[in-house]
S.K.: 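Once you've had a glance at the structure underneath, I'll fire off some questions.
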Amino acid sequence: QVQLVESGGGLVQAGGSLRLSCAASGRTVSSIHMGWFRQAPGKERDFVAAITWSAGTTRYADSVQGRFTISRSAAKNTVYLQMNGLKPEDTAGYYCAASETWRTVVAGTPDYWGQGTQVTVSS
C-alpha cells in the first residue's frame, strides 16, 4: 500500500508559478512510477506529467510541455511539479498518482491516488 499526500496548491495570477509536492509513504517507492493529473469542474481527469522513479524518464501533456517540470527526490520519496507561466485554463484540482507499471500511470489508471490539491489561476 502507498499513501500519497499532495501540497503546494493555491491561488496565483496568470503568468505566475507554483510548485506542487507529493510525498509517498507506506512501502518502498524505488520501483514506483508517479504522475500528476488534473480535473477541472465538470470535466474529466486529464494526464499532466509522469516520471519513472528510477530512471527519471518524464512525459508531459502537450498543454503543459515547456511550462511544467516534473522531478523527484529519492531521498525524500517526493515528486514535484513545478508550474511556470500559469494560465487560467490551468485551474483545476491536481492529483498525484502512483503505480508499479509505467503504462497505467500515463493512461490514468494508476494503483494509487492522492487526495488532491487545488490550483486556481486568476486572469
Side-chain angles (χ1 to χ4, degrees):
Q1 192 73 11
V2 173
Q3 291 78 46
L4 304 173
V5 179
E6 303 100 328
S7 60
L11 173 65
V12 64
Q13 289 187 333
S17 299
L18 281 174
R19 189 177 80 157
L20 305 182
S21 300
C22 174
S25 63
R27 55 155 285 178
T28 177
V29 294
S30 62
S31 61
I32 291 292
H33 310 302
M34 299 185 72
W36 289 94
F37 290 75
R38 66 186 182 186
Q39 186 169 22
K43 296 187 177 181
E44 295 184 350
R45 188 169 295 186
D46 293 329
F47 171 78
V48 175
I51 187 167
T52 58
W53 198 262
S54 58
T57 300
T58 59
R59 183 175 295 183
Y60 297 92
D62 290 343
S63 59
V64 306
Q65 182 77 46
R67 298 188 298 124
F68 291 10
T69 302
I70 190 169
S71 61
R72 83 277 189 263
S73 167
K76 296 181 179 180
N77 289 341
T78 299
V79 171
Y80 305 97
L81 185 68
Q82 178 66 43
M83 305 184 294
N84 299 327
L86 283 162
K87 305 174 181 180
E89 52 264 42
D90 294 318
T91 295
Y94 282 70
Y95 297 85
C96 181
S99 188
E100 295 186 6
T101 59
W102 177 246
R103 176 182 56 81
T104 57
V105 172
V106 297
T109 56
D111 298 327
Y112 308 100
W113 288 104
Q115 83 288 352
T117 185
Q118 180 66 32
V119 171
T120 303
V121 184
S122 63
S123 58

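Please read these numbers as outputs of a predicted model, since none were measured by experiment.
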S.K.: Is any side-chain heavy atom of Val79 less than 4.5 Å from a side-chain heavy atom of Trp36?
M.R.: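 The answer is yes, as the side chains (C-beta and beyond) meet within the 4.5 Å cut-off.
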S.K.: Are Val64 and Val106 linked, directly or through other ILVMFWY residues, by side chains that come within less than 4.5 angstrom of each other?
M.R.: no
S.K.: Which of these passes side-chain contact (heavy atoms from CB on, under 4.5 Å) with Thr52: Thr58, Val105, Thr57?
M.R.: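 Going through the options one by one, the only one that passes is Thr57.
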S.K.: Which heavy atom of Leu81 sits nearest to which heavy atom of Tyr94, and what is that distance?
M.R.: CD2-CD2, 4.2 Å
S.K.: Decide whether Phe47 and Val119 are clustered together by the hydrophobic rule: side chain heavy atoms of Ile, Leu, Val, Met, Phe, Trp, Tyr closer than 4.5 Å, transitively.
M.R.: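 Hydrophobic grouping puts Phe47 apart from Val119.
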S.K.: Any donor and acceptor pair, going by atom type alone, linking the side chain of Glu6 with main-chain N or O of Gln115 inside 3.5 Å?
M.R.: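 Yes; at least one donor-acceptor contact below 3.5 Å.
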S.K.: Is the shortest heavy-atom distance from the side chain of Tyr60 to the side chain of Arg67 under 4.5 Å?
M.R.: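 Heavy-atom side-chain distance check fails, nothing below 4.5 Å.
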S.K.: Could you measure the distance from the CD atom of Gln82 to the CG atom of Leu20? Nearest 0.5 Å is fine.
M.R.: 9.0 Å
S.K.: Which heavy-atom pair separates Val2 from Ala24 by the least distance, and what is that distance?
M.R.: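 What the structure gives for the nearest pair is CG1-CB, 4.4 Å.
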S.K.: Report yes or no: is the cationic atom of Arg19 (NZ for Lys, CZ for Arg) closer than 6.0 Å to the six-membered ring centre of Tyr80, at no more than 45° off its axis?
M.R.: yes
S.K.: What is the minimum heavy-atom distance between Glu100 and His33, and which atoms define it?
M.R.: O-CD2, 3.6 Å
S.K.: Give a yes or no on whether Tyr112 and Val48 share a hydrophobic cluster (residues Ile, Leu, Val, Met, Phe, Trp, Tyr; joining criterion: side-chain heavy atoms under 4.5 Å apart).
M.R.: yes
S.K.: Mind checking whether Phe37 and Leu86 sit in one hydrophobic cluster, side chains of I, L, V, M, F, W, Y counted as touching below 4.5 Å?
M.R.: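 No: no chain of side-chain contacts under 4.5 Å links Phe37 to Leu86.
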S.K.: Could you tell me the separation between the OG atom of Ser99 and the CE atom of Met34, rounded to the nearest 0.5 Å?
M.R.: 10.5 Å
S.K.: Nearest 0.5 Å, what's the CD-CG distance between Gln118 and Leu11?
M.R.: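 Here the interatomic distance stands at 10.0 Å.
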S.K.: Please give me the minimum heavy-atom distance between Ala97 and Pro110, naming the atom from each residue.
M.R.: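 For Ala97 versus Pro110, the nearest heavy atoms are CB-CG, 3.5 Å.
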S.K.: Using the rule given for side-chain contact (heavy atoms from CB on, under 4.5 Å), can you reason through Val12 versus Met83, listing the C-alpha separation, both sets of side-chain angles and the distance that settles it, and then say yes or no?
M.R.: CA-CA 11 Å; Val12 64; Met83 305 184 294; over 6 Å; no
S.K.: Taking C-beta and beyond as the side chain, do Gln13 and Val121 meet within less than 4.5 Å on heavy atoms?
M.R.: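 They are not in contact (no side-chain heavy atoms under 4.5 Å apart), so the answer is no.
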S.K.: Any idea which heavy atoms bring Gly26 and Gln3 closest together, and the distance?
M.R.: CA-OE1, 3.4 Å
S.K.: Taking the side chain as every heavy atom from C-beta outward, state whether Asp90 and Arg38 have any pair of such atoms under 4.5 Å apart.
M.R.: yes
S.K.: Group every Ile, Leu, Val, Met, Phe, Trp and Tyr by side-chain heavy-atom contacts under 4.5 Å, then state whether Ile70 and Phe68 land in the same group.
M.R.: yes
S.K.: With rounding to the nearest 0.5 angstrom, report the OG1 to CG distance, Thr69 to Asn84.
M.R.: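 Thr69 OG1 to Asn84 CG: 6.5 Å, rounded to 0.5 Å.
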S.K.: Hey, what do you get for CD1 (Ile32) to CD1 (Ile51), rounding to the nearest 0.5 Å?
M.R.: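 Here the rounded value is 14.0 Å.
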